[in-house]
Amino acid sequence: MRTTVRRYYPKVQTKHRVRSMSSDEENASDISDSATSEFWADESARRVAENDRPPVVKGGVSPSGVPHIGNFNEVLRGAFVVRALECRDDIAGEPGQVFTSDDRDPLRRVPDTVLSPEGEVVELDAEERDELRAHLGKPYVDVPSPFADAAGAPDTWAEHFASFLREDAERLGVPVEFVSNDEMYEDGDFDQSVRTALSELERSRDVIARHQRTAGEGYVPFMPICAECGRITTTPTGVNVEDGAVDYVCDDAQLAGEYEVEGCGHRGTATLREGKLPWRFEWPAQWWTLGVGFEPFGKDHAEGSWESGVEIAREVYGVEPPEHLVYEFFLVDGGKMSASEGNVYTVSDILRYVEPEVLRYFFALDPKKQRDLSLAEIHHLVNDFDRIEDVRYGRDEPADSTERLYAERVYDDLRAPDEDPAEHEPVRPPYTFSAMVGVAGDDEARLDTLRRSGHLPEDPTETQKRDALRRVELARNWALDHDNEYAVRVLDDKPDADFDADTRTAFDELADAVESGASPDEIQNAVFETARQNDLGVGGFFSDGYRLFLGQESGPKLGPLLSALDREFVVERLRQPSDG
RNA sequence: GGGCCGGUAGCUUAGUCCGGUUAAAGCACCUGGCUCUUAACCAGGUGACCGGGGGUUCAAAUCCCCCCCGGCCCGCCA
């Protein structure tokens, strides 16, 4: 069995946290909250237990196109179920998670865009397209990566794609074992499945005919790889299960209803390891081979391959299909995610703006609901997460039973696997506020602002500093990238504005205060005083201050703002408010 | 043609499975506090015929039926 999975999570202290309450509290809670809904992952785990399925959770994707955030449904949804399984004591065996890269699938179309090794979505040029077109119909493991030349980059398309998922799974703290489908065929792991599908040919045909109109009389559930040209678009012409041999002819094929692939005409004989099962047979074969007891999958599979997969598992392979969960696809900025349209998000894109905990939280939300992921609106998600966290640490009361459920049951599963939520209570300054705190360039100024606003203890630990600075960095990235109202930008150049003599005098006096090392409050007061002393309207003088530094009429509280900026810069700007 | 999800305050949503006191939260907005101006924070407030219609019930956002609107998936391959 290949599915020995290391345990990354501290198992003990999170186990049914709710039960650690005193019995009085427990009773009270039972009464007042008897209808509290169940975390979906717990419900999934319960089904696994009740139906005596093995605690092995699988996911998997075909490595096509851009590895995007949607692919992570396959990883993270399952990860929560694994955690839920670990909390149960009625499970036989050690819970674990596998992810198959379905990398013997053929390259079916030339994508418009690919993910560069740097994680950028880039368009392929004409030459690269032609290069790829030559490989249509070959398994992804045999298609060269467009970036194979880059130092340290994987050689094959399959590995290029998988490397992102592997890296992202690690960043998100998911202990999932990656399995190459191609290697499984090569190692003979599918021998039994292939042999069974072919020896029970009539049964195979019966089942598939119920689901696929195109599967006719001569249907053979095996796709040999052409020994000459390497394409897997051949047509089987004879089966000899005894010898483990399938004859084929490499003829023309149509892929994705779009590309015409010319076969090389070669006639040959393949062993049962030199080809692959069609998807509808391959999926249940994976369940059988890997001993899968649970699998989340997207709604695209819900009607077709799942239904046929269940029947193939039972009627052809004679095994029980896993428990399952159909997840909705999410939208990106209100539309379907599409690499060619440019609205595709990767894990990296999102981790540029939010902590991994927040992204995990997104995937902990009800999988059955279609929801919109919008980076421009990501502060809402962050805010929701922060609320859950506040409730978890008793800093706030739950607003409803869902918040309570997420705080009490789910939150700890959102944290990094090497952290103990009971030990480390993160410092999490509010997101939009953090974005503005980021106007200060250096860490000390940022920490100082946070400390003064009460979002950081007077004497923070290194970890608390790290938490806070990370939040500021992420929020600042978000604000600047989207150029929204929280993107406070200090003018690099002096404003193209005229300030009258009194105003300039007041600026000059303000500069004295700043230069002398005044605190934010003192600077704030100095603004009032200098305005009055020079017979300026307070409101107008504030506006002039914002105009001078931000080029706008208003902005964050001026004292803290000026205090957060580099002192020499502020003094110089105040003394010489304009050029010429 | 079949299937899934959604339509609840200006916006984003929770609550629907398991019907039950004045339908909840965040954002936005308004008022007050922090000595006067503006990000934070604290206290409070305005704001919802719960998409429409019918039914079941003492009681419906919640259960049943029909309809309307929005989104997605499948009906090739994977």
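Just so we're on the same page: letters track the sequence lines, and every chain starts at 1.
Comparing B/G53 with B/G45, their C1' atoms are spaced 36 Å from each other, to the whole Å. Going from the C1' atom of B/C69 to that of B/G52 covers 10 Å, rounded to whole Å. Atom C1' of B/A24 sits at a distance of 11 Å from the matching atom of B/A9, rounded to the whole Å. On the C1' atoms, B/C18 is 15 Å away from B/A61, given to the nearest whole Å. Nucleotides B/U22 and B/U38 are separated by 36 Å at their C1' atoms, to the nearest Å. Comparing B/G19 with B/C50, their C1' atoms are spaced 15 Å from each other, to the whole Å. Comparing B/G6 with B/U62, their C1' atoms sit 16 Å apart, to the nearest whole Å. Rounded to whole Å, the separation between the P atoms of B/C65 and B/U56 comes to 15 Å.
Nucleic acid contact for A/Met337: none, since no nucleic acid atom lies under 4.0 Å from a heavy atom of the residue. Here A/Pro560 lies in heavy-atom contact (under 4.0 Å) with a base. A/Gly137 comes within 4.0 angstrom of nothing in the nucleic acid, heavy atoms only. A/Gly555 comes within 4.0 angstrom of a nucleotide base, judged by non-hydrogen atoms across all strands. When heavy atoms are screened at a 4.0 angstrom cut-off, A/Arg280 is found touching no nucleic acid atom at all. Counting non-hydrogen atoms under 4.0 angstrom, A/Gln524 reaches the backbone sugars and phosphates but no base. When heavy atoms are screened at a 4.0 angstrom cut-off, A/Leu558 is found touching no nucleic acid atom at all. Note on A/Asp105: only backbone sugar-phosphate atoms sit closer than 4.0 angstrom, heavy atoms only; bases stay farther off.
No close placement of the A/Trp287 and A/Tyr317 rings is indicated, their centers lying 6.0 Å or farther apart. The ring of A/Phe507 has its center closer than 6.0 angstrom to the ring center of A/Phe541. Aromatic rings of A/His380 and A/Phe385 (six-membered ring for Trp) have centroids beyond the 6.0 Å cut-off, not under it. For an aromatic pair to be called close, the ring centres must be under 6.0 Å apart, and A/Phe72 with A/His68 fails this. For A/Phe433 and A/Tyr486, the ring centers sit 6.0 Å or farther from each other.
For A/Glu458, there are no side-chain hydrogen bond (donor to acceptor under 3.5 Å, both in side chains) partners two or more places apart in sequence or in a different chain. Partners of A/Pro106 according to the side chain to side chain contact (heavy atoms under 4.5 Å, CB included) rule, which considers only residues two or more places apart in sequence or in another chain, are A/Arg108, A/Ile232.
The interatomic distance linking A/Arg371 (CZ) with B/G6 (C1') rounds to 11 Å, in whole Å. Rounded to whole Å, atom P of B/C72 lies 9 Å from atom NZ of A/Lys299. Separating the CH2 atom of A/Trp283 from the P atom of B/C74 is a distance of 13 Å, rounded to the nearest angstrom. If you take CD of A/Glu529 and P of B/U35, they are 14 Å apart, rounded to a whole angstrom. A/Phe329 has its CZ atom 18 Å from the P atom of B/G71, to the nearest Å. Atom CZ in A/Phe541 sits roughly 18 Å away from atom P in B/C36 (whole-Å rounding). The separation between A/Gln370 atom CD and B/C5 atom P is 11 Å, rounded to whole Å. What separates CD of A/Glu303 from C1' of B/C4 is a distance of 8 Å, to the nearest Å.
Between A/Phe297 and A/Glu74, some side-chain heavy-atom pair lies under the 4.5 Å cut-off. Within the 4.5 Å cutoff, the side chain of A/Glu403 has heavy atoms near those of the A/Ile388 side chain.
Checked by atom type and distance alone, the side chain of A/Arg446 pairs as donor or acceptor with a backbone atom of A/Gly438 at under 3.5 Å. Using a distance-only test at 3.5 Å, with no hydrogens or angles considered, a donor-acceptor pair links the side chain of A/Gln524 to the main chain of A/Gly559.
Residue-to-nucleotide proximity on RNA chain B shows that, of A/Leu561 and A/Pro278, the 5′-proximal contact is made by A/Leu561. Between A/His301 and A/Gly334, the residue anchored closer to the 5' end of RNA chain B is A/Gly334, taking for each the nucleotide with the nearest heavy atom.
Nearest to the side-chain atoms of A/Asp300 among the listed nucleotides B/C73, B/G75, B/C36 stands B/C73. When distances run from any side-chain atom of A/Pro430 to the nucleotides B/C41, B/A78, B/A25, the shortest one goes to B/C41. For A/Glu328, the listed nucleotide lying nearest its side chain is B/G71; candidates were B/G71, B/C36, B/A78. Closest to the side chain of A/Tyr546, out of B/U38, B/G71, B/A25, is B/U38.
Residue A/Glu282 is tested with A/Thr289, A/Asn181, A/Thr100 for a side chain to side chain donor-acceptor pair (under 3.5 Å); the sole match is A/Asn181.
Stacking here means ring centres nearer than 5.5 Å and ring planes tilted less than 30 degrees, and by that measure A/Trp279 does not stack onto B/C77.
Evaluation of atom-type donor-acceptor distances gives a pair under 3.5 Å for the side chain of A/Asn525 against the base of B/C36.
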N/O to N/O distances under 3.5 Å, protein versus nucleotides 26-33 of chain B:
| residue | atom | partner | partner atom | Å |
| --- | --- | --- | --- | --- |
| B/G26 | O3' | A/Asn383 | ND2 | 3.4 |
| B/G26 | O2' | A/Asn383 | ND2 | 2.0 |

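Of the side-chain N and O atoms in A/Gln212, none sit less than 4.0 angstrom from OP1 or OP2 of B/G75. An OP1 or OP2 oxygen of B/G15 is reached within less than 4.0 angstrom by a side-chain nitrogen or oxygen of A/Thr402. Between A/Lys336 and B/C72, a side-chain N or O to OP1/OP2 separation shorter than 4.0 Å is absent. A/Lys369 has a side-chain polar atom (N or O) that falls below the 4.0 Å cut-off from OP1 or OP2 of B/G6.
Against RNA chain B, the stretch residues 431-458 of chain A makes heavy-atom approaches under 4.0 Å through A/Phe433, A/Met436, A/His455.
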With both pairing distances under 3.5 angstrom for Watson-Crick or G-U wobble, and | for a partner in another strand, the correct string for RNA chain B is ((((((((.[[[[.)....(...]]]].(((((.......))))).....[[[[[..)....]]]]])))))))....

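Judged by the 6.0 Å distance and 45° axis criteria, A/Arg371 is not positioned over the aromatic ring of A/Phe329. Figure legend: cation-pi geometry between A/Arg280 and A/Trp306 absent, as NZ or CZ is not positioned both under 6.0 Å from the six-membered ring centre and within 45° of its axis.
Within the structure, the ring-ring contact (aromatic ring centres under 6.0 Å, His included) test picks out the following pairs touching residues 542-562 of chain A (sequence neighbours left out): A/Phe528-A/Phe542.
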